[in-house]
Amino acid sequence: MKTIIIIPARMASQRFPNKPMALIDGIPMIQRVWEKAKLANIGEVVVACCEKIVFDKINSIGGTAIMTNPDLPSGTDRVYEIINNHPNANQFECIINLQGDMPTINPVSIRELLLDISDASVEIATLASINKKKKDYSDNNEVKVVIGK
């Protein structure tokens with residue numbers, strides 16, 4: 001299954017400005033996510049960004065970063081812009097939207113997601129996990145995912 005992983009990244013986060021370039025043991029978060037995506041070894045990996053600092057960082061380590069419109073409201077919109085302008089877009093059977101703030105993601109989880117959706121007619125997927133801790137679901141700092149059949 002021909003797959004592309006697109007990692008949206010934006011420096012202008014309201015709750016955590018400059019998050020993609022935040023250092024974790026001296027390595028920017030976005031670099032750690034890109035490295036995990038590459039280790040999954042399931043296809044092309046692209047970082048969708050709108051700031052030159054992220055673009056330059058990913059390209060300096062041998063990755064592919066593509067600039068997107070800075071006015072896009074969400075990471076999903078960045079993913080869409082990349083795929084909409086990709087010269088080989090019609091060849092991809094699956095698009096994985098990998099969040100740019102998951103520096104500890106296990107590459108095996110990315111491969112398992114692809115296995116889980118390979119039998120379905122899924123064209124785009126995002127990794128999510130169940131948080132078993134009691135949380136305040138009205139908290140704007142807690143990411144929520146609605147899952148349907």
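All residue numbers refer to positions in the sequence shown, counting from 1. Owing to the predicted nature of the structure, the values given are computational and were not obtained by experimental measurement. Only this structure's heavy atoms are used, side chains among them; waters, hydrogens and symmetry mates stay out.
Applying the 6.0 Å contact sphere to CD1 of Ile53 captures no more than 12 heavy atoms from other residues, nucleotides or ligands.
By the salt bridge (Lys or Arg N to Asp or Glu O under 4.0 Å) test, Lys38 is found to be paired with no residue, residues two or more places apart in sequence or in another chain being considered. The side chain to side chain contact (heavy atoms under 4.5 Å, CB included) check on Pro8 picks up Arg78, Val79, Asn97, with sequence neighbours excluded. Under the rule for a side chain to side chain contact (heavy atoms under 4.5 Å, CB included), the partners of Pro107 that lie at least two apart in sequence or sit in another chain are Lys36, Leu39, Ala40, Arg111. When the side chain to side chain contact (heavy atoms under 4.5 Å, CB included) test is applied to Glu112, the partners found at least two apart in sequence or on another chain are Val108. Applying the side chain to side chain contact (heavy atoms under 4.5 Å, CB included) rule to Ser74 yields the partners Thr76, Asp77; only residues at least two apart in sequence or on another chain are considered.
At a threshold of 4.5 Å between non-hydrogen side-chain atoms, the residues Val45 and Thr64 do not count as touching. Val46 places none of its side-chain heavy atoms less than 4.5 Å from the side chain of Ile5.
For the atom pair CD1 of Ile105 and CG of Leu113, the computed distance is 9.0 Å after rounding to the nearest 0.5 Å. Interatomic distance, CG of Leu23 versus CZ of Arg32, reported as 9.5 Å (0.5 Å rounding). In this structure, CD1 in Ile24 is found 10.5 Å from CD in Gln31, a value given to the nearest 0.5 Å. Atoms CZ and SG, on Arg10 and Cys49 in that order, are 13.0 Å from each other to the nearest 0.5 Å. Here the CD1-CD1 distance, from Ile95 to Ile83, works out to 4.0 Å after rounding to the nearest 0.5 Å. Interatomic distance, Ile42 CD1 to Leu115 CG, rounded to the nearest 0.5 Å: 9.0 Å.
Residues in residues 28-86 take part in these ring pair (Phe, Tyr, Trp, His ring centres under 6.0 Å) pairs, two or more places apart or across chains: His86-Phe92. Evaluation of the salt bridge (Lys or Arg N to Asp or Glu O under 4.0 Å) test over residues 40-63, restricted to residues two or more places apart or in two chains, returns Lys52-Asp56.
The same ILVMFWY cluster, assembled from side-chain heavy atoms under 4.5 Å apart, contains both Met102 and Ile61. Ile82 and Met67 fall into different hydrophobic clusters, where Ile, Leu, Val, Met, Phe, Trp and Tyr residues are linked whenever their side-chain heavy atoms come under 4.5 Å apart, directly or through other members.
Considering every non-hydrogen atom in both Ile7 and Ala37, the closest pair reads CD1-CB, 4.0 Å. Asn59 and Gly63 make their closest contact through OD1-O, 3.0 Å (heavy atoms, listed as atom of the first residue, atom of the second, distance). In this structure, Ala48 and Ile6 approach most closely via the heavy-atom pair CB-CG2, 4.0 Å. When all heavy atoms are compared, the tightest approach of Thr68 to Glu81 is CA-OE2, 3.1 Å.
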### Message
Set out, in order, the CA-CA distance, both residues' side-chain angles and the distance that settles side-chain contact (heavy atoms from CB on, under 4.5 Å) for Ile30 and Met21, then state yes or no.
### Response
CA-CA 6 Å; Ile30 192 64; Met21 295 303 291; 4.2 Å; yes
